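What you see is a predicted model; the values in this text were computed from it and never measured.
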Amino acid sequence: MSGIFSTNNQDSALFIGGSRVSGQEVRAQNVMAALSIANVIKTSLGPVGLDKMLVDDVGDVTISNDGATILQLLEVEHPAGKILVKLAQQQDTEVGDGTTSVVIIAAELLRRANELIKNHIHPATVITGYRLACKEACKFIADQMALKVDKLGRDPLVSVAMTTISSKILGTYGTFFADMAVDSLSAVKTTDFRGKARYPVNAVNILKAKGASARESSYFTGYALYRPFTSPAMKRSLKNPKILVIDFDITKTRMKMGVNIVIDNPDELEAIRKREMDISSERARMILDAGVTAVFSTRGIDDVYVKMFAEAGAITVTRVPKEDARRIAKGTGASLITTLANLDGDESIDVSSIGSAELVEQVRLSDDDIVVIRGAKEQRASTVILRGANDYMLDEMERSFHDSLCAVKRVLESGAVVPGGGSVETALDVYLESFATTLGSREQLAIVEFANALLAIPKQLSVNAAKDSIELIAKLRAYHSAAQKATANSSHSALKNYGLDLYEGKLRDNVKAGVLEPAMSKIKMLKSATEAAINILRIDDMIKLLPEKQEEDPHAHM
């Protein structure tokens with residue numbers, strides 16, 4: 001096994017320091033690397049998948065069954081393996097779910113392509129067949145498997161969210177978190193310039209608090225951040241605040257380094273010190289005179305000026321993280337100000353840079369105080385407070401909840417779902433095998449292997465659930481074959497929605513059972529996995545240069 005990764009090729013005719021691996025040997029290495037990565041995460045697939053514990057070099061522990069998270073924490077050295085890691089990250093960014101599935105399919109496509117090449121089928125033929133199969137598969141999903149949800153009710157959205165988190169740590173809590181995901185995302189609905197509805201996931205803020213049961217998690221409309229008001233003398237709540245978000249500190253102004261002032265009278269020194277304080281005092285007064293009643297600063301505000309704000313009835317929050325400051329500015333219609341200087345060289349505040357909201361208040365959460373902004377002017381926001389026993393559980397809960405938000409977003413924006421539980425992959429296997437028989441060229445072989453590779457998903461789902469995968473997959477293929485041969489008004493046409501019931505170990509109509517996934521997720525998964533497999537298949541030569549040796553320092557001493 002270890003010999004397949006050896007890069008010491010004695011027959012290489014390189015005139016530079018390095019090694020070269022060509023032909024079938026490099027393909028075998030690439031396929032082995034892809035299968036090794038897929039083997040790491042394949043047991044985490046499905047509603048009864050298992051978790052992975054990853055410990056880094058400094059001892060930090062991460063427990064997760066999210067494919068992208070696991071692969072991101074692995075230190076993958078093989079170049080082909082890194083392609084699959086990037087593939088999972090891309091799927092996570094674009095869709096939010098299906099990161100494990102896309103890696104398993106890509107690895108299986110590579111393994112089957114390698115077998116074809118060993119049987120003297122040219123890689124170009126395999127690549128052409130894979131491209132054609134992917135195109136037909138995506139068209140079949142859109143035309144035959146996708147269910148249009150024109151008037152989106154609540155039930156299909158909850159079903160999609162529940163399907164996504166069923167394989168996660170939140171799956172044991174029923175529809176509790178699925179309902180929360182739908183409510184929190186529906187609350188942040190916006191409309192773009194084309195008049196199309198958008199649901200920005202970033203507008204859903206997730207806070208984590210230890211020390212309670214997961215069922216004590218809650219959500220409310222508004223934006224929250226883990227920072228208290230700067231002074232306990234300030235009001236606990238403020239209605240209709242005028243909000244200013246700044247990226248500079250309001251502290252005693254000090255002269256810059258290298259500035260020297262020569263004075264003859266000691267009284268002048270005191271005047272200089274007083275002027276240094278007055279500069280910041282004037283800035284604070286300018287902010288208050290502009291009508292600002294709430295200041296969010298990414299840096300600090302000196303106690304002297306905090307007292308000024310408190311006496312004026314204004315509130316201040318300091319040390320706000322930059323990302324939170326940007327979100328607050330965007331939601332309230334404010335601007336993140338880095339300086340008060342204007343084009344004339346003076347200092348002033350532009351009224352257009354001040355935002356507004358309905359309420360700013362300080363709320364007690366567990367042992368900490370948080371600031372909540374409700375009724376933002378520009379963009380509505382919602383906050384989910386996750387409760388859990390420890391940091392490991394809370395981190396995994398956040399990842400799971402974020403995946404469910406992404407899945408609901410895709411359904412709301414695309415308006416199409418497909419049945420889950422392996423039904424799409426099995427239907428594609430049956431359809432593509434039939435489609436391959438219509439071709440009279442060598443690409444037929446590649447399309448058949450592409451179809452069989454898709455069965456890796458329902459097979460792995462069955463294995464992870466400790467069920468008989470051979471019997472279940474055989475029955476499922478028979479159902480989908482009957483569905484595709486049936487006429488439109490035949491009772492057999494409903495069999496296309498059948499998939500696996502992994503808890504009972506039988507087949508069921510997953511549309512009626514509420515096991516739904518975004519159609520976009522499946523299409524993106526197929527396209528990404530196919531492209532990744534093709535990119536690796538095109539490689540027939542790997543040249544690895546040796547690191548340049550550093551010259552020894554003759555003056556170095558041991």
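The 12-atom threshold is exceeded at NZ of K208, counting heavy atoms of other residues, nucleotides or ligands nearer than 6.0 Å. Heavy atoms of other residues, nucleotides or ligands lying less than 6.0 angstrom from CZ of R508 number more than 12. Within a 6.0 Å radius of CD in E323, other residues, nucleotides and ligands contribute 12 heavy atoms or fewer. Shown here is K52, whose NZ atom has more than 12 heavy atoms of other residues, nucleotides or ligands within 6.0 Å. With a 6.0 Å radius and a threshold of 12 heavy atoms from other residues, nucleotides or ligands, K467 has its NZ atom above the threshold.
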- [ ] Assess whether side-chain contact (heavy atoms from CB on, under 4.5 Å) is satisfied between N114 and L110, documenting all intermediate values.
- [x] CA-CA 6 Å; N114 193 42; L110 278 172; over 6 Å; no
- [ ] Decide yes or no on salt bridge (charged side-chain N to carboxylate O under 4.0 Å, His left out) for R477 and E433, but give the supporting numbers first.
- [x] CA-CA 11 Å; R477 292 185 79 241; E433 281 196 353; 2.9 Å; yes
Open item on the list: Assess the residue pair R111 and E115 against the criterion (salt bridge (charged side-chain N to carboxylate O under 4.0 Å, His left out)); give the C-alpha distance rounded to whole Å, side-chain angles, the decisive distance to 0.1 Å, and a yes or no.
Closed with: CA-CA 7 Å; R111 185 180 72 80; E115 294 300 320; 5.4 Å; no
Task: Derivation of the side-chain contact (heavy atoms from CB on, under 4.5 Å) call for I169 and M393 - done: CA-CA 8 Å; I169 192 173; M393 183 176 178; 3.7 Å; yes
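The aromatic rings of F140 and Y431 sit parallel to each other, their planes meeting at less than 30°, with 60° as the upper class boundary.
Shown here for K42 and N39, the closest heavy-atom pair between the two residues is NZ-OD1, 3.2 Å. Summarising the geometry of I206 relative to L405, their closest heavy-atom pair is CD1-CD1, 4.4 Å, with the distance given to 0.1 Å. Across V408 and V182, no two heavy atoms sit closer than the pair CG2-CG2, 4.4 Å. Taking every heavy atom of both residues into account, I165 and S400 meet most closely at CG2-O, 3.7 Å. Looking at every heavy atom in both residues, I523 comes nearest to C138 through CG2-SG, 3.8 Å.
With respect to the salt-bridge test (charged N to carboxylate O, under 4.0 angstrom), the residues E75 and K82 do not qualify.
Interatomic distance, OG of S521 versus CG of L526, reported as 9.5 Å (0.5 Å rounding).
Residues D540 and Q24 have side chains that never bring a donor and an acceptor to within less than 3.5 angstrom of each other.
A cation-pi contact, defined as under 6.0 Å to the ring centre and within 45° of the axis, links R215 to F176.
In this structure a side-chain-to-backbone donor-acceptor pair under 3.5 Å is present from K496 to Q144. Although no hydrogens or angles enter the test, the distance criterion places a donor-acceptor pair under 3.5 Å between the side chain of T164 and the main chain of V160.
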